[in-house]
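Working notes, structure below.
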Amino acid sequence: MTNIAWKDLKIFFRDIKAVLLTFLLPIVLITLFGLAFGGLSDRSGEQRETFIFVADLDSTETSREVITRLDSLKEIKLVPVGFSKGKEEIMNGNRLAMIVLYEGFADSVENGRKFPIELFYDEARKMEAGLIQYAFISNLMKIVGPQSIKIKVLKDIKKKYPGIDDEMMLRIEQDMNEQFGSGKETDTNDEQLTPGNVGGLAITGLARKESINWALIQSFAGTAVMMLLFSVSAIGTSLLSERDDGTLKRLMFSPLTPYSIMFGKVFYALVISVFQLTIMLVYSWLVLGLDMGNNLFFTMLMIFATAFACSGFGVLIAAFSTSRKQAESLSTIVILLMSAIGGSMIPIFFMPAFMQKIAVVSLNYWAIQGFFDVLGRGASIAQIFTKILILMGIGLFLMMISASLFKRNLSKVM
Amino acid sequence: MHIIDIGGLKKSFGKIEALRGIDFSVQKGEFFGLLGPNGAGKTTTINILSTIVSPDEGRVTINGYNLHTNPAQCKNAIGIVPQELALYNDLTALENLVFWGKLYGINKSEAMVRAGELLKIFALDDRKNTRIKSFSGGMKRRINIAAAMIHQPEILLMDEPTVGVDPQSRNQIYEVLTDFLKKGVTIVYTTHYMDEVEKLCSRVAIIDHGKIIAGGTMNELRDIAGSDENIHIVFENPDYARVENLKTTFGDRLTGDDGQIVLNSSNSRHDLPLILQKCAEANLQVNHVSVEKASLESIFLKLTGRKLRE
């Protein structure tokens with residue numbers, strides 16, 4: 001078994017094209033996916049800005065103040081526009097969204113009423129608009145929320161206690177100013193004025209570790225697993241090449257059993273897979289700044305489990321197929337399908353609920369979630385071991401089917 | 001002593017009966033030829049001997065071991081030279097031989113020594129560190145044979161080992177095989193080249209439609225087939241009309257033109273003086289006379305009713 005693996009490794013490392021495709025291509029893809037998902041932006045210090053329209057139909061000091069403060073945010077850049085023109089431009093797909101501050105906006109802020117404000121967006125870019133909506137709502141509440149609440153509270157007190165004297169009201173107002181700031185000029189403080197405090201939507205990210213670059217983990221894990229599947233399926237088809245070249249028959253002449261020949265290929269695939277994943281991980285760590293997680297041992301276990309499952313897939317393709325062409329077509333289709341539903345191409349959270357449920361049938365899903373656990377979430381040993389055991393189980397199951405198919409197909413080869 | 005003994009061997013693939021009760025045996029140290037057209041059952045026989053195909057019925061003993069109960073011992077006793085160039089093109093000649101040797105449980109250093117010796121025997125030691133993808137067809141064929149000998153088997157099964165080999169390499173292979181034979185290796189050889197069988201094999205079995213239809217030495221096969229001889233006569237003074245006159249005596253048995261004739265004869269002792277007498281009477285001056293024994297090709301044709309390559 002080890003003789004076959006060693007021989008295959010020797011042949012593999014002599015094929016410069018194969019080596020480059022196995023190690024360089026995934027690295028390029030990880031970098032590209034990292035850039036696409038924004039996983040590299042934090043490291044470079046650059047932040048993507050979204051230019052959106054703003055139509056100020058209120059044209060008051062308050063509305064202008066709000067626009068200025070929203071415009072000062074890193075992720076949003078506001079471009080003033082007329083209401084009708086703005087709608088037209090969005091419908092033409094020239095701009096993502098438009099914030100409209102209707103007449104009476106300042107009055108609503110000052111009287112603690114519901115703000116007459118609306119966000120128009122391009123239906124074709126709903127997902128992108130969702131991200132803007134989140135940034136917009138949370139920041140708007142930080143800006144105008146305290147002033148609005150303070151006024152509303154003072155009005156409610158006056159309404160409830162009509163006989164309250166002006167001096168008392170002034171003291172209450174001063175206390176509130178100390179607590180929330182003095183209104184429009186207030187320097188909002190995140191700790192005091194979260195959207196939750198002012199009655200808006202509370203959105204809070206939770207993580208055991210701070211400053212995790214999730215996009216980069218997604219880029220690494222998603223791409224690595226997908227590329228690994230391509231690599232191992234190519235290794236699997238080497239079994240079919242051996243059949244075509246007559247060397248498989250010669251191997252059968254030797255004292256080796258069919259199983260030891262097949263597991264020799266599995267061993268070879270496993271070594272290449274571990275090597276490939278490790279190189280991709282080290283590259284992502286050294287060059288892209290991926291956090292290696294708290295426990296290197298678990299990371300290595302995840303690499304091994306992923307490599308094991310992928311190796312099972314590689315030999316299954318070879319054992320199932322009757323020709324190289326068939327194996328290549330079949331593996332491409334299955335890999336793309338698994339990668340699409342398993343989260344290699346598009347992160348799982350972008351998918352609708354039913355797709356997220358389907359994802360669990362994909363090997364990619366368990367591998368990606370496992371890497372999220374070890375590299376990002378800092379998950380418990382039990383959680384990590386669950387993913388590792390599932391991956392090992394998938395690998396074992398695929399290998400058992402492969403062994404049965406391989407032995408059956410051998411009679412056709414001879 | 002029989003090193004290979006086969007009796008009542010049957011094998012079917014679905015409805016196709018590849019072997020329909022084969023019996024033959026091979027003596028130790030013998031060069032044995034297995035002849036048959038495509039689809040006759042040669043490769044199935046070789047595959048059964050090499051233990052990769054199980055027979056449906058029958059008995060096979062190799063080097064005293066029952067193939068069914070002791071496949072491992074049988075495998076170790078046999079070296080197989082497949083029809084294909086079953087080698088790894090991206091490994092060197094030495095690496096290929098060492099790899100195949102290690103599969104038989106030989107340790108690396110021992111395999112290196114044996115591989116070195118074989119490369120010398122096959123006159124390829126100067127190319128031992130060259131990847132075999134740059135080798136010629138003949139050189140690859142030699143490595144293909146060497147790979148089967150790396151574990152020093154007592155029996156060498158060779159399935160068309162010289163296909164596509166240039167005459168020079170082929171002669172070199174013959175020399176090596178003869179040398180192996182002298183060292184006591186038993187060789188079972190299948191080929192399409194009749195001249196190879198006639199030159200190398202001490203005994204031959206002819207297989208057709210899954211059955212052995214004849215077996216023995218060349219002379220025994222000639223007796224079995226009752227094959228004729230050919231009397232070749234070359235004339236000094238060719239004359240078409242006179243040669244045509246000879247045909248009135250010998251009929252269709254006589255072929256050829258005015259310069260040379262061939263008389264097919266089942267009794268050359270009787271026919272040779274007769275045709276020479278007729279030539280003298282016809283005033284045809286004879287330049288050269290030869291009597292050619294029946295070839296394996298003609299024996300095969302007579303026994304099977306078809307040519308070997310049909």
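So you know, we letter chains A, B, ... as the sequences are listed, proteins then strands, and number each from 1.
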Check the side chains of B:N129 and B:T92 for a donor-acceptor pair under 3.5 angstrom, ignoring hydrogens and angles.
no

Validation row: A:I333, A:L330 side chains within 4.5 angstrom (heavy atoms)
no

Heavy-atom closest contact (B:P71 atom, B:T51 atom, distance)
O-CG2, 4.1 Å

Cut-off 4.5 Å, heavy atoms of chain B, and the answer for A:D245 is backbone

Contact listing (chain A partner; residues 135-148 of chain B; heavy atom under 4.5 Å)
B:N144, B:A147, B:A148

Could you tell me if A:S241 and A:D244 have a donor-acceptor pair between their side chains, going purely by distance under 3.5 Å?
no

Test salt bridge (charged side-chain N to carboxylate O under 4.0 Å, His left out) on B:E17 and B:K211; report intermediate values, then the result.
CA-CA 10 Å; B:E17 281 184 287; B:K211 291 203 90 164; over 6 Å; no

Is chain A contacted by the side chain of B:N89, its backbone, both, or neither, given a heavy-atom distance below 4.5 Å?
neither

So, the part of B:E95 with a heavy atom under 4.5 Å from chain A: the answer is side chain

Please state whether the side chain, the backbone, both or neither of B:F99 comes within less than 4.5 Å of a heavy atom of chain A.
side chain

Under 3.5 Å side-chain donor-acceptor pair for A:S231 and A:Q276
yes

Between A:T257 and A:S260, do the side chains contain an N or O donor and an N or O acceptor separated by less than 3.5 Å?
yes

4.5 Å side-chain heavy-atom contact, A:Q218 and A:F371
no

With a 4.5 angstrom heavy-atom cut-off, which part of B:L85 approaches chain A: side chain, backbone, both or neither?
backbone

